[in-house]
Number of protein chains: 2
Amino acid sequence: MMRSDILDLFEKHDILPTQQRVEVAQILLVRPQHLSAEQIIDRLMQQGSSVSKATVYNTLKLFGEHGIVKEIMADPVRKFYDSSTLPHHHFYNVDTGELHDIAESDVSIGSLPLLPAGTRQESVEVLIRVRPTEN
Amino acid sequence: MMRSDILDLFEKHDILPTQQRVEVAQILLVRPQHLSAEQIIDRLMQQGSSVSKATVYNTLKLFGEHGIVKEIMADPVRKFYDSSTLPHHHFYNVDTGELHDIAESDVSIGSLPLLPAGTRQESVEVLIRVRPTEN
DNA sequence: AAAACAATTTGGAATTGGTCTATACTGCAG
DNA sequence: CTGCAGTATAGACCAATTCCAAATTGTTTT
Ligand SMILES: [Mn+2]
Ligand SMILES: [Mn+2]
Ligand SMILES: [Zn+2]
Ligand SMILES: [Zn+2]
């Protein structure tokens, strides 16, 4: 995803394309990946740009609300932000903390139980926890 | 699960049955449930017992390492400790933060993808995010 | 029993990811 | 210009969890 795509995406969602939002998007949305807020802040620093922590969090939250990124909670200590928003699943390496995608089509879920009364389903996510083979 | 069961369980796992560990176990392991560390601390307080916060966390971590309880990360801000350790799945109500069990047999997972090289599978968990129907 | 030792518990400080707040900046409409 | 809405910012704040060094408990040695 390149700059013009990002601007189009923002326009489609009525998101004002501020300098800071574009910069965050250019880091996160370039490829399918899973970054924590801090990783994004670090990369911004590295490239000399100084977007504030508060703005990064505001922006990620905004993107999340518009479904432009997906929040992933696999690690107990931090959220990851996923640039792939289509339904899919994940491997989570509990040792390294790495996340890897699993295509939705690679997991077939047969039946699903009835939802609790008064609720509607928002997502179904499969998380396969793995750890390095010891030996 | 009653007191003697807890003591047996501890013995099986070579866990020294200290006063504090037994008290924590008696709160969490009595029934299938999902409690946060703070909920456990609150209940200890209520019943007059004063186990320190540090010990509660130490104990929950110990139980987790022995597979006596399972840590669940569905809520971004806190862990939940699940007294059911057999494989099963969850509904997570994103509005209320409540977790509800889904029997393993209620979800049939067909195929699973190849694991990343050099890793072994630890668990497969399905999390169905739900929210109250608005209207 | 006293001393030594290991395991556990403890209060409180420290850490950490994230949010809040009050102020400042930006771009535009009147 | 001036006013206003929307944003950005630094830094204070917060809540969950971990860390630490000292105190307690229980168990061996002398
Ligand atoms: Mn992904
Ligand atoms: Mn459960
Ligand atoms: Zn949108
Ligand atoms: Zn064990």
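Lettering of chains follows the sequences in order, A, B, ..., and the numbering in each one begins at 1.
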In this structure, how many angstroms lie between the [atom2] atom of [N] and the [atom1] atom of [X], rounded?
X	N	atom1	atom2	answer
A:F63	D:dT7	CZ	P	12 Å
A:L60	C:dG18	CG	P	9 Å
A:E71	C:dG17	CD	P	16 Å
A:F80	C:dG18	CZ	C1'	15 Å
A:L62	D:dA8	CG	C1'	13 Å
B:I15	C:dA7	CD1	C1'	14 Å

- Task: Start with the C-alpha gap between A:T96 and A:E98, add the side-chain angles, then the distance that decides, and say whether side chain to side chain donor-acceptor pair (under 3.5 Å) holds.
- Result: CA-CA 5 Å; A:T96 66; A:E98 287 169 317; 3.0 Å; yes
- Message: Applying ring pair (Phe, Tyr, Trp, His ring centres under 6.0 Å) to A:F63 and A:F10, what does each step give before you reach the verdict?
- Response: CA-CA 9 Å; A:F63 288 177; A:F10 282 8; 5.6 Å; yes
At under 4.0 Å, does any side-chain N or O of [X] touch on OP1 or OP2 of [N]?
X	N	result
B:T55	C:dT10	yes
B:Q20	C:dT10	yes
B:R78	D:dA15	no

- Walk me through it: do B:E134 and A:R120 pass the test salt bridge (charged side-chain N to carboxylate O under 4.0 Å, His left out)? CA-CA 9 Å; B:E134 71 236 26; A:R120 68 168 227 281; 3.4 Å; yes
- Just compare C:dG17, C:dT9, D:dA16 and give me whichever is closest to any side-chain atom of B:Y57.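 Closest of the options to the side chain of B:Y57: D:dA16.
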- Query: A:V51 side chain: which of D:dT9, C:dA7, D:dA8 is closest?
  - Reply: D:dT9
- Message: Donor-acceptor pair, distance only, cut-off 3.5 Å: does the side chain of A:Q39 make one with the backbone of A:S36?
- Response: yes
- Is the side chain of A:H66 donor-acceptor paired with the backbone N or O of A:G64 at a distance under 3.5 Å, no angle test?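 Answer holds: no.
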- Please name the pair of heavy atoms, one in B:P76 and one in B:Y92, separated by the smallest distance, quoted to 0.1 Å. CD-OH, 4.4 Å
- Task: Provide the closest heavy-atom pair for B:Q121 versus A:V130 in the form atom of the first, atom of the second, distance.
- Result: CA-CG1, 4.2 Å
Please list, pair by pair, any protein nitrogen or oxygen found under 3.5 Å from a nitrogen or oxygen in nucleotides 19-25 of chain D.
none

- Determine, using ring centers only, whether A:H90 and A:H34 are less than 6.0 Å apart.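 Distance test on ring centres: under 6.0 Å, yes.
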- Treat each ILVMFWY residue as a node, draw an edge where side-chain heavy atoms are under 4.5 Å apart, and state whether B:I128 and A:I128 are in one component.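 Same hydrophobic cluster.
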- Message: Please compare B:P76 and B:S52 by the position of their nearest nucleotide in DNA chain C and report the one closer to 5'.
- Response: B:S52
- Item | Residue whose closest nucleotide on DNA chain C lies nearer the 5' end, B:K53 versus B:L16 | B:L16
- Between A:H88 and A:D106, is any side-chain donor less than 3.5 angstrom from a side-chain acceptor? no
- Message: Tell me whether B:E71 is salt-bridged to B:K61, with the criterion being a basic N under 4.0 Å from an acidic carboxylate O.
- Response: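 A salt bridge is absent here (no side-chain N lies under 4.0 Å from a carboxylate O).
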- Please name the residue in the list A:R21, A:Q26, A:Q19 that meets the side chain to side chain donor-acceptor pair (under 3.5 Å) test with A:E23. A:Q19
- Message: So if I take residues 23-50 of chain B and measure heavy-atom distances to DNA chain C, which residues fall below 4.0 Å?
- Response: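 Listed by number, they are B:S50.
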Got a list of protein N/O to nucleotides 22-28 of chain C N/O distances below 3.5 Å?
none

